[in-house]
Asker: 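If you scroll down you'll find the structure; I have some questions about it.
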Amino acid sequence: MKKKSTKMIDLRSDTVTKPTPEMLNAMIGAIVGDDVFEEDPTVNAFQKKVAAMFGMESGLFVPSGVMSNQLGIKVLTESGDEILIDEKGHIYNYETGGAAFLSGVQIKPLIGKNGKLSVTELENQIKGAFDWEAKTKVVCLENTTNKGGGSCYSEEELSAIRAFAYENALLVHLDGARIWNAMTATGIAPKFFGQIADTISVCFSKGLGAPVGSMLLSSKERIAKARRYRKMWGGGMRQIGLLAAAAEYALDNNWELMKEDHHRAKEFAKTVSECSKLSIDLDSVETNIVIFDLLEEDAVSAQKKLAKKDIHVVPFGPKTLRATFHFQIGDSELERVKTAFRQIF
Ligand SMILES: *Cc1c(COP(=O)(O)O)cnc(C)c1O
């Protein structure tokens, strides 16, 4: 067999991490039961732990972030309602039209900044007073924003949106796939998010590094409802203590590594800013996601040049690329990436 001289550097997403031996050990040691009967002690305890952390009554472990977002929308809306979201939102762009199909709601995309909404965009969007209007029911927020380049909301921004939602009888769903990154970058406590949102979706399979798993957090009543829909949608699982143990290991051990991911992302972004064929807004790099533009060639051709050096990124527009940092990209990988970028661009 031919020996490879370099290791593949995968910056396509923070979902590409592999379980570490320590995580696998935690999985092997898990005590399990049938979760359809609510008899898996490991997942039961983990749901309680994460819900308490965010100051929510209950949690529901689900296979994916898409499922927890869609369950959140399902329990907050009735068919025919309208939900508001930034045009860059994951629920609008990357969930297969699920909100329309599963909940029968229409999505109104709004133009915010870096994937974030503010009261300015939400004002004058509330409908439902007339028979011919859809009822505006939910504001969907994403923190950190994915397509928005990993930017985070401040406490002030979130409080203002929560106050606006109260005044207008709207509910708030928070897509916190990367809430861990947001908390690392801003220092905002988890309980604050529990106060500003009615439902929260958090993921363990992004930067935290678990192989599978997300969780919907909300009131007892809404989670009981979500549990029924999870079963209906084919997401009822059996001995998932194995997966919950991996997610819990990730939360307890990998969360603290995120500050290094953010630091490396910033270092990489500085190199990008020094490349004459690239352009980047350095201030936009707040967490582990780096989105940058190509001044000369198109994204696919640049992606191929990098792939020849076994460095992998994803196109995020005709002349835009995205690189995402995670704990399995260390300093030596970062150096190799920086060198390659200086050579190519
Ligand atoms: C990845 C992601 C999701 C969905 O997660 P899956 O586990 O891939 O279904 C939802 N929202 C955001 C912002 C994401 O980045």
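Whatever order the structure lists them in is the order used to number ligands and atoms, beginning at 1. Everything quoted here is computed from the prediction, not taken from an experiment.
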Asker: Going by the angle between their ring planes, with limits at 30° and 60°, are Trp233 and Tyr229 parallel, tilted or perpendicular?
Answerer: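 Rings of Trp233 and Tyr229: tilted, 30 to 60°.
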Asker: Among all protein heavy atoms, pick out the one at the shortest distance from atom 2 (C) of ligand 1; state its residue, atom name and that distance to 0.1 Å.
Answerer: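 Ranking protein heavy atoms by distance from atom 2 (C) of ligand 1, first comes Lys206 NZ, 2.3 Å.
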Asker: For ligand 1, which part of Asn69 has a heavy atom less than 4.0 Å away: the side chain, the backbone, both, or neither?
Answerer: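 Within the 4.0 Å criterion, Asn69 contacts ligand 1 through side-chain atoms alone.
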Asker: Under 4.0 Å, counting heavy atoms only: does Arg178 come that close to any atom of ligand 1?
Answerer: yes
Asker: Within the side chain of Lys108, is there an N or O that forms a donor-acceptor pair under 3.5 Å with the backbone of Ile85?
Answerer: no
Asker: Please indicate whether Ile31 has more than 12 foreign heavy atoms, meaning atoms of other residues, nucleotides or ligands, lying under 6.0 Å from its CD1.
Answerer: no
Asker: In plain terms, say whether Glu82 and Lys127 are close enough for a salt bridge, that is, a side-chain N and a carboxylate O under 4.0 Å apart.
Answerer: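 Here Glu82 pairs with Lys127 in a salt bridge, since their nearest N and O are under 4.0 Å apart.
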Asker: Give me the nearest non-hydrogen protein atom to atom 7 (O) of ligand 1 as residue plus atom name, then the distance to 0.1 Å.
Answerer: Gly65 N, 2.8 Å
Asker: With a 4.0 Å cut-off, would you call Lys270 and Glu267 a salt bridge?
Answerer: yes
Asker: I need the nearest protein heavy-atom contact for atom 11 (N) of ligand 1: residue, atom name and distance, please.
Answerer: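 Nearest protein contact, heavy atoms only, for atom 11 (N) of ligand 1 is Asp175 OD2, 2.6 Å.
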Asker: Side chain or backbone, does Glu142 bring an N or O within less than 3.5 Å of an N or O on ligand 1?
Answerer: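 Not met; the criterion fails.
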Asker: To the nearest 0.1 Å, how far is atom 9 (O) of ligand 1 from its closest protein heavy atom, and which atom is that?
Answerer: Val66 N, 2.9 Å
Asker: Within the structure, does Ser214 bring an N/O atom to less than 3.5 angstrom of an N/O atom in ligand 1?
Answerer: no
Asker: Using a 4.0 Å heavy-atom cut-off, which part of Ala177 comes near ligand 1: side chain, backbone, both, or neither?
Answerer: side chain
Asker: Taking atom CD of Glu39 as the centre, does the number of heavy atoms from other residues, nucleotides or ligands within less than 6.0 Å exceed 12?
Answerer: yes
Asker: Hey, is CZ on Phe345 packed in by over 12 heavy atoms from elsewhere, all under 6.0 Å?
Answerer: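 Counting neighbours around CZ of Phe345, more than 12 heavy atoms of other residues, nucleotides or ligands fall under 6.0 Å, so yes.
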